[in-house]
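Heads up, the thing below is written out as C-alpha cells.
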Amino acid sequence: MLAAARGFNQRLFSFHKTFALPLMANAGFRVSSPSFSTGSPNYAPPKRVGTHNGSFHCDEALGCFMIRLTDKFSNAEIVRSRDPKVLEGLDAVLDVGGVYDPSHDRYDHHQKGFEEVFGYGFSTKLSSAGLVYKHFGKEIIAKELQVDEGHPDVQRLYLAIYKSFMEAIDAIDNGINQYDTDKPPRYVNNTHLSSRVGRLNLDWIEPDQSPEKENEAFQRAMTLAGNEFLDSVRFHAKSWLPARSIVMECLTGRYSIDPSGEIMVLTRFCPWKLHLFELEEEMKIEPSIKYVLYEDERGKQWRVQAVAIAPDRFESRKPLPAQWRGLRDDELSKETGVPGCVFVHMSGFIGGNQTYEGALALARNALKL
C-alpha cells in the first residue's frame with residue numbers, strides 16, 4: 001500500500017487507474033483542502049467528492065472510500081471543507097451540507113427530518129456511509145463478484161454485508177445503543193472500527209495541527225475503514241456464500257439424521273451459525289435445530305454443539321445435560337452410556353466424541369434429558 005504522504009502529494013490531475021476488477025485498495029488517492037489547480041483546459045479532471053474538514057468519523061471516511069469504488073466516481077479527489085460555496089461546486093458531497101438528494105449525489109444525514117433507513121426490515125437510521133452503500137453497494141459487490149448487479153448472489157451479499165458490517169457504523173454514528181436497556185455496559189469496547197478510525201484524528205498534543213496534517217490523517221482513516229470493508233466483501237463472497245449452500249443442504253437433510261429433525265450434521269465444516277438462524281427463518285423450520293454435529297479435522301474427532309438462542313447470545317437453546325458438564329473421557333462415557341467420549345464443556349455448549357456415531361448418540365440422548 002502506498003504511504004499516505006505519497007497519495008497526498010500527488011498532483012491534482014496525475015491520477016492513474018485505481019480500482020480495477022476485482023476491487024483493489026492499495027493505490028494512492030488525494031485528499032485536499034479547497035484550493036484547486038486549473039490544469040490543462042483540454043484535460044477532463046477527475047470528479048471531486050466533498051466532506052467536512054475538522055474531526056472525522058468512520059462514516060464519512062468509509063463513505064468517501066466506497067464512493068471511489070464506483071464507475072461514476074472512480075479516482076475522485078476528496079475535498080474537505082464546510083464552505084457552502086466550495087461544496088456547491090463539487091460532484092458529490094457526503095456528511096455535510098444538510099441535504100440528502102441522491103439524484104444530485106448529496107448524502108448528508110444531519111438535517112432535521114432525516115429518517116432514511118436501509119430497508120429490507122432494517123430500521124437503523126443511516127449515516128453517510130450507509131447512504132453511499134444503499135445507493136452504490138450493489139455495484140461495488142457486483143464488481144468484486146464479477147457478475148451483473150442483477151445476479152441473486154449480489155442481493156444476498158448486499159443484505160448480509162449491511163447486517164454484519166455496515167449497520168453498526170450507521171448506529172454508532174447516530175448514537176443508537178446496541179441494546180434496549182438503561183443499564184450501563186458491563187465493559188468498554190474501544191476496539192471496534194468506528195473507535196479505531198476516531199483515534200486517527202490528530203491528538204491535541206500534536207504540534208502540527210495544519211489542514212495538510214489533518215488531511216493525511218483522514219486519508220489513513222479512509223484506508224483503514226476501506227480495507228476492512230473490502231475484507232468483509234471478500235469474506236462474504238469467498239467464504240460466507242459457499243457456506244450458506246452447505247448449511248442449506250444439511251438443514252434440508254436433517255430428518256435423515258434423526259426423526260426429531262432437531263439434529264443437523266455438517267457434511268463439511270464451515271461457518272454455520274448465522275446461516276442456520278437465517279435459513280431456519282426463511283425455510284420456516286419447526287422444531288428448531290438444537291444440536292449441530294461436525295468433524296474436528298485437526299483432532300480427527302467429532303463435536304456436538306448446542307445451538308445458541310440467538311447469533312449474538314451465549315445461552316443455548318438446549319445445552320448438553322448438567323450431569324455431563326465438566327466430565328472427560330471414561331468418566332464421561334460411563335455417565336452418558338456412550339463409548340468414546342472426550343469431553344463436555346462446563347457450560348454445556350459443546351462436547352466431543354471420538355466417532356460420528358458416538359457424537360450422534362450424545363445428541364440423541366441429550367434431546368431426551
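Because the structure is predicted, anything quoted here is derived from the model rather than measured. For the numbers below, each heavy atom of this structure counts, side chains included, while hydrogens, waters and symmetry mates do not.
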Enclosure of Q155 CD (heavy-atom neighbours >12, cutoff 6.0 Å): yes
Could you report the tightest heavy-atom contact between C64 and L94, atom names first, then the distance? N-CD2, 3.5 Å
Would you say D148's side chain and G150's backbone share a donor-acceptor pair under 3.5 angstrom? no
Do F229 and I172 share a hydrophobic cluster, counting only Ile, Leu, Val, Met, Phe, Trp and Tyr and linking them when any side-chain heavy atoms are less than 4.5 Å apart? no
Side chain K143, main chain L69, donor-acceptor under 3.5 Å: yes
Nearest-0.5 Å distance, CE of residue M166 to CG of residue L126: 8.5 Å
What about the rings of F118 and Y158, do their centers lie closer together than 6.0 Å? yes
Donor-acceptor pair, distance only, cut-off 3.5 Å: does the side chain of H236 make one with the backbone of S232? yes
Measure the CD-OH distance between E262 and Y255 for me, rounded to the nearest 0.5 Å. 8.0 Å
Enter the distance from T51:OG1 to I78:CD1 here, rounded to the nearest 0.5 Å. 8.0 Å
What I want to find out is whether K300 reaches E295 closely enough, with some N-O distance under 4.0 Å, to be called a salt bridge. no
Determine whether a donor-acceptor pair (N or O, by modelled atom type, separation under 3.5 Å) exists between the side chain of E280 and the backbone of H275. no
Does D83 pair with K85 as a salt bridge, N-O distance under 4.0 Å? no
Between the side chain of D59 and the main-chain N/O of D95, is any donor-acceptor distance below 3.5 Å? no
Spell out, yes or no, whether Y291 and I289 are grouped together once hydrophobic residues are joined by side-chain heavy atoms under 4.5 Å, including indirect joins. no
Classify the side-chain pair S81/N53 by whether it contains a donor and acceptor separated by less than 3.5 Å. no
Going by salt bridge (charged side-chain N to carboxylate O under 4.0 Å, His left out), R244 matches just one of E282, E278, E249. Which one? E282
Could you grab the distance from atom CZ of R325 to atom CE of M346, nearest 0.5 Å is fine? 8.5 Å
Tell me if the CG atom of D312 is crowded by more than 12 foreign heavy atoms within 6.0 Å. yes
Of the options N174, D170, D108, which is the one that meets S127 in a side chain to side chain donor-acceptor pair (under 3.5 Å)? D170
Nearest 0.5 Å, what's the CD-CG distance between E214 and L200? 12.5 Å
Quick one, F73 and V132 - any side-chain contact, counting heavy atoms below 4.5 Å? no
Salt bridge present between R48 and E88 (N-O < 4.0 angstrom): no
Using modelled atom types and a 3.5 Å cut-off, is there a donor and acceptor pairing between side-chain atoms of S74 and backbone atoms of D71? no
If two hydrophobic side chains count as joined below 4.5 Å and joins carry through other members, does I161 share a cluster with F277? no
Should the heavy atoms of other residues, nucleotides or ligands under 6.0 Å from CZ of R199 be counted, would the total exceed 12? yes
Check the pair E116 / K134 against salt bridge (charged side-chain N to carboxylate O under 4.0 Å, His left out), numbers first and verdict last. CA-CA 10 Å; E116 189 76 8; K134 180 173 184 173; 2.5 Å; yes
Does the Lys NZ or Arg CZ of R80 fall within the cation-pi geometry relative to F218 - under 6.0 Å from the ring centre and within 45° of the axis? yes
So, taking the atom named OG in S195 and the one named CG in N189, what distance separates them when rounded to the nearest 0.5 Å? 7.5 Å
Do Y162 and F122 have ring centroids that are under 6.0 Å from one another? yes
Whether N353 side chain and P339 backbone form a donor-acceptor pair below 3.5 Å: yes
Side chain K318, main chain L369, donor-acceptor under 3.5 Å: yes
Treating N201 as the side-chain partner and G198 as the backbone partner, does any N or O pair qualify as donor plus acceptor under 3.5 Å? yes
Note: R303-D296 ion pair, threshold 4.0 Å (strictly below): yes
Heavy-atom neighbours of H104 NE2 exceed 12 at 6.0 Å: no
Of F343, F269, Y356, which is the lone residue that meets ring-ring contact (aromatic ring centres under 6.0 Å, His included) with W302? Y356
Side-chain donor/acceptor of R254 to backbone N/O of L251, under 3.5 Å: yes
In one Ile/Leu/Val/Met/Phe/Trp/Tyr side-chain cluster, 4.5 Å: V265, V247: no
What's the shortest heavy-atom distance between A308 and R313, and which atoms? CB-O, 3.4 Å
Return the orientation label for the F349 and H345 ring planes: parallel under 30°, perpendicular over 60°, tilted otherwise. perpendicular
Is there a side-chain contact between R156 and H151 (heavy atoms, below 4.5 Å)? no
On a heavy-atom basis, which atom in A306 and which in G348 lie closest, and how many Å separate them? CB-O, 4.0 Å
Closest non-hydrogen atom pair between F136 and D105, with its separation: CZ-OD1, 3.8 Å
Is the count of non-hydrogen atoms from other residues, nucleotides or ligands lying under 6.0 Å from E281 atom CD greater than 12? no
Does any non-hydrogen side-chain atom of V147 lie less than 4.5 Å from one of D153? no
May I ask whether V188 and Y179 are part of the same hydrophobic cluster, defined by side-chain heavy atoms of I, L, V, M, F, W, Y residues being less than 4.5 angstrom apart, directly or through others? no
Geometric class of the H135/Y100 ring pair [parallel <30°, tilted 30-60°, perpendicular >60°]: tilted
Would you mind checking if K72 and D91 are paired as a salt bridge, meaning a charged N to carboxylate O distance below 4.0 Å? no
